[in-house]
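Structure, as structure tokens:
Start at 1 with the first residue, then count along the sequence. A quick note: this is a predicted structure, and the numbers were derived from the prediction, not measured.
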Amino acid sequence: MGPVTRGFFTLLLSLCWAQKSDLGDERPSCDGCDLQMSCNCAHGGFTRVPVVTGLAMTLDLSFNNISEVTEDDLKGHKHLRALNLHGNRIAMIHPSAFDPLWSLENLDLSNNQLDALNDKWFRKLKALERLNLLNNPYRCLGSPLFQNLVRLRGLQFGGPALEELKRADMSGVTELEELKLSANNMKRYESGALADIWPLGRVTLSLHGPSLTDSALAAAVLADVSYPETPLVLEDLQITDKESLQPLKEAAKRRIRRFTFRNVTTSDEAITNFLMIMDGVPLTSLSVEDSTLVGVGRWEQARKTDHRAVDEFFLRNMKVLNVYQFVAFLQLLFLLQYPRKVSVINAQVFVTPCITSHLLKNLQYFDLSDNLLTDLTLRESLCQGDGTLKHLRVLNVSGNALKSLSTVSHLVEKLSKLTHLDISRNAYSSMPQHCSWPHTLRYLNISGAKLSTVTQCLPKTLEVLDLSNNNLKSFLLFLPALRELYLSGNRFLRLPPGWLFPNLQTLTLQSNTLKRFNHSDLQSYERLQSLQAGQNKFDCSCDFVNFLQSVFEGDGDVQLTDREDSYVCDSPLYLQGEVVSQVSLSLYECHRVLCVSVICGVVLCVSTLVCVLLWRLHAIWYLKMTWAWLKAKRISRKRQKRDREGTEALLSYDAFVSYSESDACWVENLLVPELERTRESSEDSMNAVSPRPLTLCLHKRDFLPGHWIMDNIMSAIESSRRTIFILSKNFVQSDWCRYELDFSHFWLFDGNAGGEAAILILLEPLPKDNIPKRFYKLHKLMSSTTYLEWPQEEEKYGEFWESLHKALRIEEDD
Ligand SMILES: *[C@@H]1O[C@H](CO)[C@@H](O)[C@H](O)[C@H]1NC(C)=O
Ligand SMILES: *[C@@H]1O[C@H](CO)[C@@H](O)[C@H](O)[C@H]1NC(C)=O
Ligand SMILES: *[C@@H]1O[C@H](CO)[C@@H](O)[C@H](O)[C@H]1NC(C)=O
Ligand SMILES: *[C@@H]1O[C@H](CO)[C@@H](O)[C@H](O)[C@H]1NC(C)=O
Ligand SMILES: *[C@@H]1O[C@H](CO)[C@@H](O)[C@H](O)[C@H]1NC(C)=O
């Protein structure tokens, strides 16, 4: 490789390098912030902390591929309240990375790759209230991390790698509302490490490994966090024998009241054991969630135990392996007669036998949602509706396979204290005309069914009614006590009339097909305070946009309580997808009719004005003249051509007489007889040749009827040798005389008819001032052509005729 080539490669390399490092420096940006400055940048594929507006209040960066948080990444985020970095690959955080976050209250660093924690990260986070450090590969907390977090109230830490917890680790943590410790593989626990935290709210412990292999460690942890007022959650346990339950004795000793097992596998034996351990403990609430029971419910060995304090059983997401062998709790009176609340949710329950229901003597709240009940088995569970469970106030059988509304209404009719009935997410497809309900019923939830009409079946006593996610189009039913009505997810085109619900305070109509609603719609509700109507098909007319924007600004009594940006225009097309509160419509769009009327008015006025002006200026006349002039030009050109070719013009008349109607008398009685007569007097004259009579063209006599007058005039002028104008005051007033005058005038100057084609006869003296100015041609003509004046005295008539004849015969003489 020669030095030149090498140099070239070096250059290329350095160029590439420069470009690469440039790219590396460029941080991606994320603009997923909404109006509340809550920025969602989750699942964005970011490998670095992206650039986000400094106004952000919450920033969700979960589920990205961020591996490092550098010193500058969070600069300028002094407003940030919540930062979520869950589910990234963060292994490195600069010691001062979080220093700018003065306002940070909530920090989530869970599920990352942090194998060592640094107390410097948190030293400036004086406002921090919640910190989540779960599921990172650190084995211990290291130096006291939390000393500066004076406001810390929620702390979650630990993970599969955590091996050790020492007293010093927790220094500075004095009071917590929530503590979660994941210690499934913990090996060493310094007794008392968690003992100084008090008051202590809900505690969640995952102690899978210790509970199996080191119950002393598990017991020590439990002993440090068990207080009567502290709800305790134990997770990830496998309790199948006596041993693994031993640590619970610590909790029992401290008279714990509320206990939850989550993600636990257990057996009949273990449950019996548990009941015996808890004998006499004032345990009020026992919950089991996400758990598996390998057993059939034979717990009667514990029947001598005392559980009279138990108020609530809560079972959710239970897997019962031998569900069809499960016994009917017949022996469990010792357990079932006390609780007032029982929830068995999503636990494959297909029936609670009537005899079991009889055992539940104190039951006030019964939740059997998301199970396998049918109309038939519900009938069994409620003992055919005979009023067993007479204290029941709340019954929740949502998410089952019930089909008949009349059945359920009949079954609950005798439950004389029932106020809440939740039968949502069942398969009701129609509503009978009449139903019988307990008189106490206030709350009814039939959402998520397939109802398409409402009937009188609905009781008048209802205060809360949920019919969302059905197929309803209208709701015309008077419900005087109703306070809350939920109609989202239906097919309403308009708001139901407000006078039907004189006490309604809350109405939801989201995800319907509403096009619009208006002030008077809202006013028909007397007491309405909050309305949710987003996600509809709004037609963004001006009225609607103005109305909705004023509601958002707080005009009126009704508040829209859902998000502003869920009100989106669907039509017109050019606004589709726009948030209604951000739409601004122009004046023209809003007052189209008015604008069009104004424009039309203006156009009308202007054109009237122009017309008047044109009329005043005789524009029509000028136009006509121009047209006629053009035509005359053409004819004269034709005539020139014909003359050049030598063909003699076809002249049928000697003269065309142009006169006004009021001078007709003179023309017909004097002029025509004089000129068309064979002159006897000529015999006396010197001239031997007797002149032939002249042929005159008169419009009255010779014009072709049915032709346009202008055409007639022109052809008359064309086929006449001369044109005689009879000028008088009347003449200049008459329109077509003017044309005639002008044509002949054009001929005079444009044609080659010679200077004498026109003969002017003045019937009366016509002072030039009397002739309107626009007849300037007449002026010109009068000054350029000699004219004959009709004498006032009779003696001079002869002389006049003489001159006229002479003038008419000039050409002939030539
Ligand atoms: C993160 O990066 C890894 C490889 O570096 C890739 O397999 C994975 O799909 C990325 N995850 C996301 C959410 O982009
Ligand atoms: C449930 O507990 C088992 C250990 O008993 C554990 O392996 C599993 O990951 C836990 N499941 C969840 C969802 O936490
Ligand atoms: C009934 O159960 C469902 C699902 O568990 C729940 O959403 C609903 O709020 C419950 N209803 C009542 C009245 O507690
Ligand atoms: C009605 O039931 C549905 C589904 O169970 C639930 O989501 C909803 O919150 C309930 N409605 C009310 C007003 O409690
Ligand atoms: C309000 O809308 C209703 C239909 O939803 C309509 O009948 C009524 O005329 C409208 N009122 C006003 C003032 O626009």
From Glu553 atom CD to Leu548 atom CG, the distance as rounded to the nearest 0.5 Å: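 If I round to the nearest 0.5 Å, the distance is 10.5 Å.
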We want to know whether [X] and [Y] form a side-chain donor-acceptor pair, criterion being a heavy-atom distance below 3.5 angstrom.
{"X": "Asp543", "Y": "Ser541", "result": "no"}
{"X": "Asn512", "Y": "Asn490", "result": "no"}
{"X": "Arg491", "Y": "Thr513", "result": "no"}
{"X": "Ser571", "Y": "Asp539", "result": "yes"}
{"X": "Tyr486", "Y": "Asn445", "result": "no"}
{"X": "Ser511", "Y": "Ser488", "result": "no"}

Is any NZ, NE, NH1 or NH2 atom of the basic residue among Arg516 and Asp521 found under 4.0 Å from an Asp or Glu carboxylate oxygen of the other?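 Answer for the salt bridge query: no.
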Strictly below 4.0 Å, N to O, side chains only: are Arg130 and Glu177 in salt-bridge contact?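 The answer is yes: the pair qualifies as a salt bridge.
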Results of side chain to side chain donor-acceptor pair (under 3.5 Å) for Ser38 - residues two or more places apart only: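 In terms of side chain to side chain donor-acceptor pair (under 3.5 Å), with neighbours along the sequence ignored, Ser38 is linked to Thr58.
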When you look at NZ of Lys319, are more than 12 heavy atoms from neighbouring residues, nucleotides or ligands closer to it than 6.0 Å?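 Check fails, neighbour count at 12 or below.
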Evaluate whether atom CZ of Arg254 has more than 12 neighbouring non-hydrogen atoms of other residues, nucleotides or ligands under 6.0 angstrom away.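 For Arg254, atom CZ is crowded (more than 12 foreign heavy atoms under 6.0 Å).
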Start with the C-alpha gap between Glu105 and Arg81, add the side-chain angles, then the distance that decides, and say whether salt bridge (charged side-chain N to carboxylate O under 4.0 Å, His left out) holds. CA-CA 5 Å; Glu105 292 168 1; Arg81 295 266 176 82; 3.7 Å; yes
Derivation of the salt bridge (charged side-chain N to carboxylate O under 4.0 Å, His left out) call for Arg298 and Asp268: CA-CA 6 Å; Arg298 298 208 165 275; Asp268 281 345; over 6 Å; no
Lys180 and Glu235: CA distance, side-chain angles, deciding distance, salt bridge (charged side-chain N to carboxylate O under 4.0 Å, His left out) verdict: CA-CA 10 Å; Lys180 177 160 181 165; Glu235 288 187 339; 3.7 Å; yes
Before giving the answer on ring pair (Phe, Tyr, Trp, His ring centres under 6.0 Å), spell out for Phe475 and Phe501 the whole-Å C-alpha distance, their side-chain angles and the decisive distance to 0.1 Å. CA-CA 11 Å; Phe475 194 118; Phe501 319 107; 5.5 Å; yes
Looking at the rings of His307 and Tyr338, which for Trp means the six-membered one, are their centres under 6.0 Å apart?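 No, ring centres 6.0 Å or more apart.
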